[in-house]
Protein chains: 2
Amino acid sequence: MNDTRIHMIHERFRSVVALAVRLEQTPRSFGTDENLTSSEIHLIEIIGDNAEALSVTDLSKVLGVTKGAVSQNLKRTENKGLTLKIEDPQNSSRAIVKMTAKGKTAYFAHKHWHETMDGGFKEFFLNLKPERIDFLIDFLAKLETFLKKALM
Amino acid sequence: MNDTRIHMIHERFRSVVALAVRLEQTPRSFGTDENLTSSEIHLIEIIGDNAEALSVTDLSKVLGVTKGAVSQNLKRTENKGLTLKIEDPQNSSRAIVKMTAKGKTAYFAHKHWHETMDGGFKEFFLNLKPERIDFLIDFLAKLETFLKKALM
DNA sequence: TTATAAGAGTATAGCTACTAAACACATAGG
DNA sequence: CCTATGTGTTTAGTAGCTATACTCTTATAA
């Protein structure tokens, strides 16, 4: 039907994905003197969100990466003074990952940033008719299926 | 208003971005015996799309990366037997990047794959009312502005 | 009880993809 | 002719990951 319009959606979508990726991989400071990469702040986010004591293996399961990767990232956040590891009293082969005060500063600064972002997102949707929101959810779901299929 | 719905959109959007990224960084074979990464096939795509003779510097400008990066990537595609460099007869400090038959196979296989993808995309939109397409374009444009603002 | 298997964490090498800086040439302009 | 600019390569460094090999601890089973 209207090829130009469809092409516009395609192009805009590509642009949005590119922007989202760039946003994801731009290191930011989050209230401390250290610049944190996305995987570092992601680590901090998960440690802070979980009240239970998490081990390296726990983190690797939550993050969906190998424990080697978690070990490497924890070394960096530890060097930056954000996290530390203490020995599990019940199991000395296990380490429990904790946050320092500096780590908590970064955690809450990140949370606040997210709330601002989410707030902007929310405000945008408040003026939308419910059927449009339904349509958007449906569109994104179809897009998801489409991309999954493209991935074989 | 409806926080759960907005949260769903947010989550689905994150998932779609993650999938698009994974699709972008999964090496595929494109009709030859070699597996090509996204930057390799991207290089092939640009060489094939341009009838004019492109140099390393030209490619770096089109791709928006340093010429060092292009040089590195060309070495890999050359090792895989997809590209070759010939000396510019007008300027022996300049190299012209050409594709081999194998490179052209990959180029057309990739083009065909893209056409299939675009076709799927198109088909999805054919059943949509024009006002919904307008709404989608508007939504993506707003999302783009929002993300740009978030990037400072 | 002791041997072995399973689990936890680390270290290292390798990969993709990029930048920045230092090179080696070639060419153009004064 | 000599310097400045342009072209391409190489190397070191960064981020983020995997896979593999390794140590140490705990659990299990004969």
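Letters A, B, ... mirror the listed sequences (proteins, then strands); counts begin at 1.
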**Study point:** Under the salt bridge (Lys or Arg N to Asp or Glu O under 4.0 Å) test, residues paired with A:R94 that sit two or more places apart
**Key:** A:D58, A:D88
Review point. For DNA chain D, what residues of residues 87-95 of chain A have any heavy atom nearer than 4.0 Å?
Key: A:N91, A:S92, A:S93
**Study point:** For B:H114, ring-ring contact (aromatic ring centres under 6.0 Å, His included) partners two or more places apart
**Key:** B:H110
Check your understanding: Would you say A:S55 reaches C:dG9's phosphate, i.e. side-chain N/O to OP1/OP2 under 4.0 Å?
Key -> yes
**Study point:** Separation of D:dG8 P from B:L54 CG (nearest whole Å)
**Key:** 11 Å
Atom pairs and distances, side-chain donor-acceptor, residues 96-103 of chain A, under 3.5 Å, sequence neighbours left out:
{"unit_1": "A:T100", "atom_1": "OG1", "unit_2": "A:G81", "atom_2": "O", "d": "2.6"}
{"unit_1": "A:T100", "atom_1": "OG1", "unit_2": "A:L82", "atom_2": "O", "d": "3.1"}
{"unit_1": "A:T100", "atom_1": "OG1", "unit_2": "A:K102", "atom_2": "N", "d": "3.4"}
{"unit_1": "A:T100", "atom_1": "OG1", "unit_2": "A:G103", "atom_2": "N", "d": "3.1"}
{"unit_1": "A:K102", "atom_1": "NZ", "unit_2": "A:D33", "atom_2": "OD1", "d": "3.1"}
{"unit_1": "A:K102", "atom_1": "NZ", "unit_2": "A:E34", "atom_2": "OE2", "d": "3.4"}
{"unit_1": "A:K102", "atom_1": "NZ", "unit_2": "A:K80", "atom_2": "O", "d": "3.1"}

Point to revise | Mutual orientation of the aromatic rings belonging to A:F135 and B:F135 [parallel < 30°, tilted 30-60°, perpendicular > 60°] | key: tilted
Review point. Do A:F108 and A:L43 share a hydrophobic cluster, counting only Ile, Leu, Val, Met, Phe, Trp and Tyr and linking them when any side-chain heavy atoms are less than 4.5 Å apart?
Key: yes
Point to revise | C:dA11 OP1/OP2 closer than 4.0 Å to side-chain N/O of A:K75 | key: yes
Study note, to complete from the structure: To the nearest 0.5 Å, atom CG of B:L54 lies from atom CG of B:L59 at 5.0 Å
Study note, to complete from the structure: Residues at least two apart in sequence or cross-chain that pass salt bridge (Lys or Arg N to Asp or Glu O under 4.0 Å) with A:E45, listed by chain then number, are none
Revision key, fill the gap. d(B:H42 NE2, B:L36 CG) to nearest 0.5 Å is 13.5 Å
Practice item. Mind calculating the distance between NZ (A:K85) and C1' (C:dA11) to the nearest angstrom? Key: 12 Å
Practice item. Report the distance from atom CG of A:L59 to atom C1' of C:dT10, rounded to the nearest whole Å. Key: 15 Å
Review point. Just how far is it from atom CG of A:L74 to atom NZ of A:K67, taken to the nearest 0.5 Å?
Key: 13.5 Å
Revision key, fill the gap. Stems in DNA chain C, runs of 3 or more consecutive Watson-Crick or G-U wobble pairs with both distances under 3.5 Å, sorted by first number, are C:1-30 with D:1-30
All N/O pairs under 3.5 Å across the protein-nucleotides 14-17 of chain D interface:
{"unit_1": "D:dG16", "atom_1": "OP1", "unit_2": "A:T37", "atom_2": "OG1", "d": "2.9"}
{"unit_1": "D:dG16", "atom_1": "OP1", "unit_2": "A:S39", "atom_2": "OG", "d": "2.8"}
{"unit_1": "D:dG16", "atom_1": "OP2", "unit_2": "A:T37", "atom_2": "OG1", "d": "3.1"}
{"unit_1": "D:dG16", "atom_1": "OP2", "unit_2": "A:S39", "atom_2": "OG", "d": "3.4"}
{"unit_1": "D:dG16", "atom_1": "OP2", "unit_2": "A:R76", "atom_2": "NH1", "d": "2.5"}
{"unit_1": "D:dG16", "atom_1": "OP2", "unit_2": "A:R76", "atom_2": "NH2", "d": "3.1"}
{"unit_1": "D:dG16", "atom_1": "O5'", "unit_2": "A:S39", "atom_2": "OG", "d": "3.1"}
{"unit_1": "D:dC17", "atom_1": "OP2", "unit_2": "A:N73", "atom_2": "ND2", "d": "3.2"}
{"unit_1": "D:dC17", "atom_1": "N4", "unit_2": "A:Q72", "atom_2": "OE1", "d": "3.4"}

Practice item. Determine: side-chain N/O of B:K67 to OP1/OP2 of D:dG6, distance under 4.0 Å, yes or no. Key: no
Review point. Near DNA chain D, which residues from residues 41-52 of chain B have a heavy atom under 4.0 Å away?
Key: none
Review point. If you measure only the distance, is there a donor-acceptor pair under 3.5 Å linking the side chains of A:N73 and A:R76?
Key: yes
Practice item. Could you pull out all residues at least two apart from A:E131 that satisfy side chain to side chain contact (heavy atoms under 4.5 Å, CB included)? Key: A:K129, B:R132
Exercise for review: Please identify each residue that fulfils side chain to side chain contact (heavy atoms under 4.5 Å, CB included) with B:D138, with sequence neighbours left out.
Suggested key: B:K142
Exercise for review: Among residues two or more places apart or on two chains, list those pairs meeting ring-ring contact (aromatic ring centres under 6.0 Å, His included) that have a residue in residues 45-82 of chain B.
Suggested key: none
Check your understanding: Roughly how many Å is it from CD1 in B:I86 to C1' in D:dG8, rounded to a whole number?
Key -> 15 Å
Check your understanding: Is the shortest side-chain N/O distance from A:T57 to OP1 or OP2 of C:dG7 below 4.0 Å?
Key -> no
Review point. Taking CD1 from B:I96 and P from D:dG6, how many angstroms apart are they, rounded to a whole number?
Key: 19 Å
Practice item. Under the salt bridge (Lys or Arg N to Asp or Glu O under 4.0 Å) rule, collect the residues that match up with B:K104, sequence neighbours excluded. Key: none
